[in-house]
There are 2 protein chains.
Amino acid sequence: METPSLTARMRLLVTGELTGAALRLMAADGFDAVTVDQIAATAGVSRRTFFRHFASKEDVVVRLLTDMGGDMAATLAARPESEPPSLALRHAVTAPIAACAGHAGDALPVVRLVLTTPALLARFLERVSAWQDELTAALAARAGLGADDLRPRLAAGTALSAFGTVLHRWVASEGAEDPLALTEAAFTVIGPVLDAVRR
Amino acid sequence: METPSLTARMRLLVTGELTGAALRLMAADGFDAVTVDQIAATAGVSRRTFFRHFASKEDVVVRLLTDMGGDMAATLAARPESEPPSLALRHAVTAPIAACAGHAGDALPVVRLVLTTPALLARFLERVSAWQDELTAALAARAGLGADDLRPRLAAGTALSAFGTVLHRWVASEGAEDPLALTEAAFTVIGPVLDAVRR
DNA sequence: GTCTACTTGACACTCAGTGACACCATGCGC
DNA sequence: GCGCATGGTGTCACTGAGTGTCAAGTAGAC
């Protein structure tokens, strides 16, 4: 079915309305000053409905960012085994970066909000940590390394550190610098560590 | 004054009582199942007093860990300029690791609790992110690099990624592996990236 | 003794998040 | 057309985190 059933589309509609309302309000007053009641009222639904679509107030904002990298580990696993880890990891991390670069007008305020709001940053980093677990497992499987080897986790952490550094620099430059170019530059620096993941 | 004034000592006493109560309760029932009221009651103080000593429920646990690395950037800044960045960063990160290794019996359950509880992990990573900012500034100052150079932030992130990896492995091994040996092994892998921070 | 500074307990309040129940629309078998 | 299951929604009520305020108690300075 190409149309994901009416109910699914309505769900997307409400979700989008809620995120839009949340972002508009938070851009004006900041994350903490906006209550869930305000977001729900602005979107025209009840407070309870908000929590049927999002697990928490942070979730509205953070999910925008984390949805982009949801299949990071899958991307890595899909890369050919012959590819060096540094290149495979770069491809995995590039997906969300490219998504940001492609919607700079929408994404930049969101990323800025997340990186500058402690509560949002905390939740975002927790998600990134989950990505690290997934990437670590995928890297270990690729290289045939055991769970006691430090290198897969180090490589995953270093690659995600590059991801964060790119986002940071992108926001700091107000979107002036090209995220993809920044990613390339970052991976040029960290490449040697990533390619240490060999049997 | 060698005795930090009676009031300061009493403050430490209450704080210690609260953290002890929190850890005992959470070790038994988990972080989420324990309420601030229970912690305060167990420690023999009022709920309000709890929040005069800790900013949040997460703070009781996370502060134990983050206090160890509070002067990470200061340690880095105190290292001789001639020292290669990889060695200076390793010294900076070793301080909290050594503290963990020195009090394995007390620290291991705390680290395990933090790494396995989403809310605690989120707050911990937020603190680590602040360390990254500080280390980045110190590294840039050491090398005389501008704020637009990716390398200081990449190096700081990579070093802290090693820090996290060591903690992860330490917990996964139930404390069997030596944290200092793990740190040395990790920094051997990431060394090249850290030493890329040169003018 | 008194005054000041600091901590505490008690109370009240906002807000995040959850559970329970009733309501309503769509879709399906009869 | 009718009855019925399903899934989203609104309302209400509740727990728990976190904050502001005020009164009371105590150590230390004068």
Side-chain angles (χ1 to χ4, degrees), chain A residues 1 3-19 21-23 25-26 28-63 113-114 117-124 126, chain B residues 1-19 21-23 25-26 28-63 113 117-124 126:
Chain A
M1 50 179 77
T3 49
S5 81
L6 180 62
T7 59
R9 276 182 294 157
M10 285 187 65
R11 190 173 175 80
L12 278 180
L13 199 71
V14 176
T15 305
E17 201 68 26
L18 281 168
T19 54
L23 289 181
L25 291 170
M26 290 177 186
D29 300 347
F31 175 81
D32 296 314
V34 178
T35 70
V36 174
D37 293 79
Q38 290 174 20
I39 301 171
T42 305
V45 297
S46 76
R47 208 175 75 91
R48 194 67 185 83
T49 294
F50 175 92
F51 285 107
R52 288 196 178 97
H53 287 260
F54 300 102
S56 68
K57 199 173 85 170
E58 290 90 356
D59 196 27
V60 196
V61 186
V62 170
R63 192 184 291 183
L113 189 64
V114 170
T117 306
L120 292 175
L121 179 61
R123 285 293 157 189
F124 173 64
E126 183 206 334
Chain B
M1 48 179 83
E2 56 193 24
T3 49
S5 80
L6 180 61
T7 59
R9 277 183 294 158
M10 284 186 64
R11 190 173 176 79
L12 278 180
L13 199 71
V14 177
T15 305
E17 202 67 27
L18 281 168
T19 54
L23 289 180
L25 291 170
M26 289 176 186
D29 300 347
F31 175 81
D32 295 314
V34 178
T35 71
V36 174
D37 293 79
Q38 291 175 20
I39 301 170
T42 305
V45 297
S46 76
R47 208 176 74 91
R48 192 67 185 82
T49 294
F50 175 92
F51 285 107
R52 288 199 179 95
H53 288 259
F54 299 101
S56 67
K57 199 173 85 169
E58 290 91 356
D59 195 28
V60 197
V61 186
V62 171
R63 192 184 290 183
L113 190 64
T117 307
L120 293 175
L121 179 62
R123 285 292 156 189
F124 173 63
E126 182 207 333

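Values below: every heavy atom of this structure, side chains too, minus hydrogens, waters and symmetry copies.
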Tabulate atom names and distances for all N/O pairs under 3.5 angstrom spanning the protein and nucleotides 5-8 of chain C.
unit_1, atom_1, unit_2, atom_2, d
dT8(C), OP1, His53(B), NE2, 3.4
dT8(C), OP2, His53(B), NE2, 3.2

Check nucleotides 16-18 of chain C for protein N or O atoms closer than 3.5 Å to its own N or O atoms and list the pairs.
unit_1, atom_1, unit_2, atom_2, d
dA16(C), OP1, Val36(A), N, 3.4
dA16(C), OP1, Lys57(A), NZ, 3.4
dA16(C), OP2, Val36(A), N, 3.3
dG17(C), OP2, Lys57(A), N, 2.7
dG17(C), N7, Arg47(A), NH1, 3.3
dG17(C), N7, Arg47(A), NH2, 2.9
dG17(C), O6, Arg47(A), NH2, 2.7

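What you find for Val36(A) and Arg47(A) is that their closest heavy atoms are CG1-CG, 3.9 Å. Taking both residues in full, the closest heavy atoms of Glu126(A) and Pro118(B) are given as OE2-CB, 3.4 Å, listed atom of the first, atom of the second, then distance. Val60(B) and Leu18(B) make their closest contact through CG1-O, 4.3 Å (heavy atoms, listed as atom of the first residue, atom of the second, distance).
Considering only heavy atoms from C-beta on, Thr19(A) stays 4.5 Å or farther from His53(A) through its side chain. Put simply, the side chain of Thr15(A) reaches to within 4.5 Å of the side chain of Phe54(A), judged on heavy atoms. Residues Thr49(B) and Arg52(B) are in side-chain contact: their nearest non-hydrogen atoms beyond the backbone lie under 4.5 Å apart. Taking 4.5 Å as the limit, every side-chain heavy atom of Glu58(A) sits out of range of all side-chain heavy atoms of Phe124(A).
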